[in-house]
Amino acid sequence: MSTPERYHAREIEARWQGEWEREGVFRTRTHDARPKYYVLEMFPYPSGRIHMGHVRNYTMGDVVARYKRAKGFNVLHPMGWDAFGMPAENAAMQNKVHPREWTYSNIAYMRGQLKQMGLAIDWEREIATCDVDYYHQQQRLFLDFYKAGLVSRKTAKVNWDPVDQTVLANEQVIDGKGWRSGAPVEQRELTQWFFRISDFSEELLAALDHLPRWPEKVRLMQKNWIGRSEGLRLRFELTGTAPHGSNELEVFTTRPDTLFGASFLAVAADHPLALAAAERDPELKAFVDECRRLGTSAVAIETAEKKGYELGLRARHPFHAETTLPIYVANFILMDYGTGAIFGCPAHDQRDLDFARAYRLPVKPVVLPPHTDPNTFAIGDEAYTGPGTIYNSSFLDGLSIEDAKDIVASRLEHHALRGTPQAERQVNYRLRDWGISRQRYWGCPIPMIHCERCGTVPVPQRDLPVELPADVSFDRPGNPLDRHPTWTKVDCPECGAPARRETDTMDTFVDSSWYFARFTAPRATAPTELDAVDHWLPVDQYIGGVEHAILHLLYSRFFVRAMKVTGHIRLEEPFAGLFTQGMVTHETYKDAKGGWLFPEEVVLRDGVAVHAQTGDPVSIGPIESMSKSKKNVVDPTAIISEYGADTARWFMLSDTPPERDMQWTEAGVEGAHRFVQRTWRMIQDVAADLRTVKEGDGSGSEAEALTKAMHRTLHAVERDIEDLGFNRAVARIYEYTNTLQRVIPQGASDPAIAPALKRALRYLVVMIAPMMPHLAEECWSLLGNRGLVAETDWPTVNPAMLVDSTVTLPVQINGKKRAEIVVDRDASSDDIEAAVLALEDVRKHLGGAAPKKVIVVPQRIVNVVA
RNA sequence: GCGGGCGUGGUGGAAUUGGUAGACACGCUGGAUUUAGGUUCCAGUGGCGCAAGCCGUGGGGGUUCAAAUCCCUCCGCCCGCACCA
């Protein structure tokens, strides 16, 4: 045999990509008779180059897009860029390049990389969130939200880096210090813009139940994030007047049933009561300041001891005025949840118990666990939070927890304290309003103007867009917009007096909260075109990383609701189907000095890993998700130029279920590449023989078996792709290819088989097309087909071909397989039983005795119980 | 701490949802061809056993004619949230 010819992926892939582009195959029109299907992968941040995670993500989406197109859908599959954000400003500071240039040149490069993957994308719809046109429309949305009362302005605490003069995200605070400057981070009160997402708490929560095609895990995470809890807001009367001028204190509790176990009240360090008291008590002031500093890092909170400061005030028990409780300022109370004040019941809350033990407060159990003796039950180091019966609680004694909650609420609701009910039932949410102000340049300007006379005034729509000025410098810390000489100066739209522009820009999560809607009419002169957006949304299949399970997806769900309120869309849920893919991982390597090494620097010599150049020993570390810092990265472009996009795509889909992390290995890529070569060679070898053959059923059992295998594979692959079980679809195709390769040596020249073989090969090509589109086009044309596979319909499965007239049943004796039997597909249970009992193997095992029982599951199994 | 998920050969993983465990792939072993090698092709490959056979889905127990799948319990790993009253 001569050296087999090889498939030259590079040239062939470029050729077909050119062909698709020339034919405009993936251009999508909104008006089309076919049913719509919108598949979307989370758009990338233009960091500079694509990484393997992108390859995995976009391959999956592309399989769905191409498959659905073949199934007769009008598919929308667009691509864009999440292009605002800090890395561009960091690059500007480090490399003296303007964020705009940096971003757009990254986009150009990455677009080229994505095109090399051969994605079925309508590139005419491409958008970048930093395009003036895009953020112009986003400013319109902001103003409409503002008019609709969905935007508010309030003060909020932020992490402030005093050296860089900037606000830091929580992730940028490391050990209480700014990640860049290393300076201790301060908590500052800044006035900021907020979207009133909390107005939608209940709705966002309730609607989760109507998202069946979302992973359970993500729905749960969102549910916990929204954090609904039902409780009671109740006012305690104070024995005197508090420093802030009130003589009562309002607390929130979810456990009103434990009211008789209360031994103290506590307020947050930021509570008005605490702040007022601190004014005249330096010691308390020091304590309050200490609590604030603690607030910065999550680690500190974890390890912090429960600490408090007694105010010297007392509160009356609502049901027993003679009993008074001490009031503390405590470090574990959060100002922004509930009322920022609690009553503490140490016996039934761990935090309250820790606090009570530290300050020697009474611990009185009021919930008795089932089957427990009230005389001996005592609380040790652990609070009891389980079920039980109320006791030690006056009129609540003997009630269940639920009933007691209800009784307490009812009584206090109807009991007036200074003319208003003492308590009110309340539902509380953990979800807080979404602060969108960022003190940065590279983002969407917030279209507001501050006028000394008129206050905050929205920019009139005719003055939009508020465009980012190009002439900015990054040689100093802080927001360049803030110190811009002319851009900030503007006349007040209401009174005409000199005023100042808002210099904050929007959180980049705003940009990504509606891009999926913009894709439906990307050049519209309004944020959306109602016809288009209502036609295409919701996204039928959204695919991306689980790291966006909460924020991005929740914000988008809010945004669509807000857009509905403001008339930009008519539905509420953006994503009907969601799939969260796993990450791409790789082994890590270190040299003797502990420095990380790139995979290409490491080779195996005699089974030992050594440095490719120096030959020094290399230690193989754990498999981790690819990251630049650990150097365990593989460049997609290098892979594509060596093996071709189809190989990379096929490997991405093989073996590992898409929701799990997959390990990238050289051996795996080579395996995938071998299959590309094998498939091409197989078709290349028979193409000439089959050229004059007409497709058909052929004749004889072999042709029939082949046709059956074909329909079965088609059926299975269809189901697997619909379920996004790409690894299973791949396995089916391997199996089918193996079958074809067994048939070919005789079949290609046998007139009884060749027609069926030719058809079977054509079906193979159609089936691999969503996954390896270039190889498929090449094979398609080798087999003498006209047109493009990309424009070919998915064949219809013939259900008759999925069943055999006979079936092979395993025969078990006492649950162990001992024989097999071939019976008619619709043989009766009685007939099967008789046939089984006549089997030599069965008789042998029964040893002449009659079976106790015979279980026949038609078309499945037979079990003889001896 | 709370919530969720997972555990199957040397490896990634299949298993029609209670019905032949290990499909498919990687790796490995042997052979053929060509060769300088890779490539390609054929055969084998869960463990023990010469064999009939026995054992086997993290450990233990249970339900069932039948369990990777359902129940109880223990162990291990992973993810999310975290002082939310």
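Here the structure is a predicted model, which is why all the values come from computation and not from measurement. Order of the sequence lines sets the chain letters (A, B, ...), proteins ahead of strands, with each chain counted from 1.
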With C1' as the reference atom in both, quote the distance from B:rC6 to B:rU57 in angstrom, rounded to an integer. 14 Å
So what does A:Lys816 hit on the nucleic acid, given a heavy-atom distance under 4.0 Å: a base, only sugar-phosphate, or nothing? sugar-phosphate
Pairwise C1' distance, B:rC28 and B:rG12 [rounded to whole Å]: 15 Å
Can you check the distance between B:rG58 and B:rA68, where both ends of the measurement are the C1' atom (answer in whole Å)? 12 Å
How would you label the contact of A:Glu216 with the nucleic acid (heavy atoms, under 4.0 Å): base, sugar-phosphate, or nothing? nothing
Taking atom P in both B:rA67 and B:rU20, what distance in whole Å separates the two? 11 Å
Is the closest basic N to carboxylate O distance between A:Arg425 and A:Asp406 below 4.0 Å? yes
Do the rings of A:Phe675 and A:Tyr734 sit parallel, tilted or perpendicular, given the 30° and 60° boundaries? tilted
Is there side-chain contact between A:Val584 and A:Met652, with heavy atoms separated by less than 4.5 Å? yes
Distance between C1' atoms of B:rG5 and B:rU39 (Å, rounded): 43 Å
Checking contacts here: which listed nucleotide (B:rC65, B:rU20, B:rC54) is nearest the side-chain heavy atoms of A:Val865? B:rC65
Aromatic plane relationship, A:Phe355 with A:Tyr359 - under 30° parallel, 30 to 60° tilted, over 60° perpendicular: tilted
Among the nucleotides B:rG19, B:rG4, B:rA82, whichever has the atom closest to the side chain of A:Leu220 is B:rG4
Residue pair A:Tyr7 / A:Thr647, side-chain donor-acceptor N/O under 3.5 Å: no
Checking all strands, does A:Ser229 fall into the base, sugar-phosphate, or nothing category for heavy-atom contacts under 4.0 angstrom? sugar-phosphate
Once each nucleotide of nucleotides 8-16 of chain B is scored for protein heavy atoms under 4.0 Å, what B/S/- sequence comes out, 5' to 3'? ----BSSSB
Counting heavy atoms from C-beta on, name the nucleotide in B:rA85, B:rG80, B:rC24 closest to the side chain of A:Ile333. B:rA85
Nearest-Å distance once atom C1' is located in both B:rG56 and B:rG47: 7 Å
Modelled atom types, side-chain donor and acceptor of A:Gln859 and A:Arg825, under 3.5 Å: yes
B:rC65 base to A:Lys852 side chain: any donor-acceptor pair below 3.5 Å? no
Could you check whether A:Asp349 gets within reach of a base, just the sugar-phosphate, or nothing at all, counting any heavy atom under 4.0 Å? nothing
Do the two ring centres, one from A:Trp664 and one from A:Phe651, sit under 6.0 Å apart? yes
Tell me yes or no: between the side chains of A:Gln581 and A:Arg660, is some donor less than 3.5 Å from an acceptor? no
Would you indicate which nucleotide in B:rG27, B:rC55, B:rC41 comes nearest to any side-chain atom of A:Ala667? B:rG27
Select base, sugar-phosphate, or nothing to describe what A:Lys853 touches, counting heavy atoms under 4.0 Å on all strands. sugar-phosphate
Nearest heavy atom decides the nucleotide; on that basis, is A:Gly340 or A:Val730 closer to the 5' end of RNA chain B? A:Val730
Work out how far the C1' atom of B:rA85 is from that of B:rC2, and round it to whole angstrom. 15 Å
Closest to the side chain of A:Arg674, out of B:rU39, B:rA23, B:rU20, is B:rU39
For A:Tyr734, report the nucleic acid contact type (base, sugar-phosphate, nothing); a contact means any heavy atom under 4.0 Å. sugar-phosphate
Nearest of B:rU40, B:rC55, B:rC83 to any side-chain atom of A:Lys306? B:rC83
Counting heavy atoms from C-beta on, name the nucleotide in B:rG19, B:rA25, B:rC81 closest to the side chain of A:Gln812. B:rG19
Taking for each residue the nucleotide of RNA chain B bearing the nearest heavy atom, is the 5' side occupied by A:Asn224 or by A:Gln741? A:Asn224
